[in-house]
Number of protein chains: 2
Amino acid sequence: MSEAAIQTYTRADEAFDCLQTAIVKGDLVPGEKIGEVELCSRFNLTRGPLREALGRLESRGLLVRRPHAGVKVVSVSAEELMELYRIRETMEGLAARQAAERMTDDEIADLQATLDSHEKMIEQAQGQAYYQAEGDYDFHHRIATGSRNTKLAQMLLGDLYYMVRMYRYRLSTSSGRPHMALEEHRRIAEAIAQRDGELAEFLMKRHINAARKNIETKIHNGTLSI
Amino acid sequence: MSEAAIQTYTRADEAFDCLQTAIVKGDLVPGEKIGEVELCSRFNLTRGPLREALGRLESRGLLVRRPHAGVKVVSVSAEELMELYRIRETMEGLAARQAAERMTDDEIADLQATLDSHEKMIEQAQGQAYYQAEGDYDFHHRIATGSRNTKLAQMLLGDLYYMVRMYRYRLSTSSGRPHMALEEHRRIAEAIAQRDGELAEFLMKRHINAARKNIETKIHNGTLSI
DNA sequence: AGTCTATAGATTGTTGACAATATGATCACT
DNA sequence: AGTGATCATATTGTCAACAATCTATAGACT
């Protein structure tokens, strides 16, 4: 094993993961004030590691803390969610371009194989958006790491995705346009396979822009509420 | 005062600031392993707040921590520094575009006034790059906040700038092209004043790209070593 | 002689108690 | 009666001792 899994899993890491998934899954409601002792009893933790985890989460912008007053999950407005997508658009565009230049042939083959399995999933689980959401996450994850840009991957995977996923869960349905998204993924992968960075960037930006517009119209329709 | 300063400044915040500036200024050498107790005695802190600060710094990617083994300042290779600039290029391009669309007239006037004072500073302090570096930081800071994109500003100001500044200090000289940089700033400000987002984005990307190339050639020359 | 194992030391992770601060309710005053 | 200040409570921030883990040194074995 070259890259071993985390050898020692510290309590603080545990706390961090627990809280993060709780926030993403919506178990911790945005805006609601939550006490430290309550969190401790809820996740079987002690306050030390918990506070360390809270610090990390705050630094990542998932929750906001006021000294001596308490901590609450950050609540994102519709506008801010749209801003998040605009950031993703530019950053993932860059990631796609660099991925086209730097992914190994094996990685690209894997990427395309992944898309095949996504297609099967979509066909099997008609209308069940969950697989699509996971698949989408998987696809973007691979490209982010494929960019070989450590900091970029860190920002994308560590910061942005969790915020986006947080709202994916809430407006659970996900896009509802699985076939179209898959098709867009295919084209991006194709551009990467042809080592056409410029095209990959363009297609990725358009892909995320389309997702943003899709959500935006749903919000305006009233189909979706944040 | 609408946005009051931090009412209560906790020890953890103090620790965070101390460590961050120490890292940026180079008092804490990258790669070197540092013990918690040593840091405590050095900054007159106790281990509790220190550890919380360490967690935040780690989450921001300024240092890396291995459980039970210790913590060391992250060391960035020349390639990674270039990657950082590529990220800045796209993100600040976006910031400039949104700033052109959203900054108030007052803010734009302030921005241009800032450039005037920068010009005077450069003339007065011939060759002293410090003012230029600070001025540059100031300019980009204003545009980041002017974008009205909370998350974008947070990522730029909270994550990227500190890493870049860290190396600015080390290769202290800064660009050594103050007049040219100022001229580029002027053009960007002008584009923003004319509410031409597309142009502002283009000019900003070119500006950062030029800065990147400047450093890159210096590294190849051997003028600069990381 | 080289390599592997085991132990000692030091360092980090964790815990529970203590101090400082914000919130909410009570009471006096206008 | 409504508003302001004061105080009690509960919660957060901080501290110092304890437990768990890693690293380095020394020894035994192949």
Side-chain angles (χ1 to χ4, degrees), chain A residues 1-20 22-23 28-75, chain B residues 1-20 22-23 28-75:
Chain A
M1 259 182 246
S2 57
E3 284 289 313
I6 301 143
Q7 299 133 351
T8 48
Y9 195 62
T10 164
R11 295 267 196 188
D13 294 327
E14 191 185 326
F16 183 75
D17 288 348
C18 280
L19 287 175
Q20 185 155 258
I23 292 171
L28 261 41
V29 185
E32 184 191 0
K33 186 214 162 205
I34 40 182
E36 292 186 1
V37 285
E38 189 195 329
L39 287 175
C40 286
S41 61
R42 196 154 152 187
F43 296 104
N44 273 61
L45 292 164
T46 170
R47 278 186 59 216
L50 179 88
R51 284 180 59 80
E52 200 173 318
L54 289 178
R56 288 198 233 172
L57 265 325
E58 186 193 20
S59 167
R60 290 203 176 179
L62 279 175
L63 48 81
V64 54
R65 197 142 61 135
R66 239 179 47 208
H68 295 280
V71 48
K72 61 181 183 181
V73 178
V74 75
S75 64
Chain B
M1 246 182 256
S2 59
E3 283 289 314
I6 301 142
Q7 298 134 350
T8 48
Y9 194 66
T10 166
R11 295 266 198 188
D13 293 327
E14 191 185 326
F16 183 75
D17 288 347
C18 281
L19 287 175
Q20 185 155 260
I23 291 171
L28 261 42
V29 184
E32 185 191 359
K33 187 213 164 208
I34 40 183
E36 290 186 2
V37 284
E38 188 194 328
L39 287 175
C40 287
S41 62
R42 196 153 151 187
F43 295 105
N44 273 59
L45 292 163
T46 171
R47 279 185 60 215
L50 179 88
R51 284 180 60 80
E52 202 175 317
L54 289 178
R56 288 198 232 172
L57 265 326
E58 185 194 20
S59 167
R60 291 204 176 180
L62 278 175
L63 48 81
V64 54
R65 197 143 61 134
R66 239 181 46 207
H68 295 281
V71 48
K72 62 181 183 181
V73 178
V74 75
S75 64

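Lettering of chains follows the sequences in order, A, B, ..., and the numbering in each one begins at 1.
- Relative to the side chain of A/Glu36, the nucleotides D/dG13, D/dT14, C/dT12 differ in distance, and D/dG13 lies closest.
- Just one of B/Arg60, B/Glu52, B/Glu58 meets the side chain to side chain contact (heavy atoms under 4.5 Å, CB included) condition when paired with B/Arg56; it is B/Glu52.
- Between the CG atom of A/Asp13 and the P atom of C/dT14 there is a distance of 8 Å, rounded to whole Å.
- In this structure, of C/dT12, D/dT23, C/dA22, it is D/dT23 that holds the atom nearest to the side chain of B/Arg66.
- For the side chain to side chain contact (heavy atoms under 4.5 Å, CB included) criterion with A/Leu63, the lone passing option out of A/Ile23, A/Leu28, A/Val74 is A/Ile23.
- For the pair A/Leu63 CG and D/dT12 P, the computed distance is 13 Å after rounding to whole Å.
- Across B/Ala15 and B/Ala53, no two heavy atoms sit closer than the pair CB-CB, 3.7 Å.
- Minimum interatomic distance between A/Glu14 and A/Leu45 (heavy atoms only, all atoms of both residues): OE2-CD2, 4.4 Å.
- Among the atoms of the strands shown, base atoms are found under 4.0 Å from some heavy atom of A/Gly48.
- Contact annotation: B/Thr10 side-chain N/O to D/dT14 OP1/OP2 distance is under 4.0 Å.
- Spacing between atom NE2 of A/His68 and atom P of C/dA19 amounts to 15 Å, rounded to whole angstrom units.
- Here the P atom of nucleotide C/dT12 and the NZ atom of B/Lys72 are 14 Å apart, to the nearest Å.
- Distance A/Leu54 CG to D/dT11 C1': 13 Å, rounded to the nearest Å.
- Two residues, A/Ala69 and A/Ala12, neighbour DNA chain C, and the one matched to the more 5' nucleotide by heavy-atom proximity is A/Ala12.
- Checking the phosphate oxygens (OP1, OP2) of C/dG13, no side-chain nitrogen or oxygen of B/Arg47 falls inside 4.0 Å.
- Rounded to whole angstrom, the span from the CD atom of B/Glu52 across to the P atom of D/dT12 amounts to 13 Å.
- In this structure, A/Arg51 reaches the D/dG13 phosphate: one of its side-chain N or O atoms is under 4.0 Å from OP1 or OP2.
- Counting all heavy atoms, side chain and backbone alike, B/Lys72 lies closest to B/Glu32 at CB-O, 3.2 Å.
- Between the P atom of C/dT23 and the NZ atom of A/Lys33 lies a distance of 9 Å, rounded to the nearest Å.
- Atom CZ of B/Arg65 and atom C1' of C/dT11 are 13 Å apart (whole Å).
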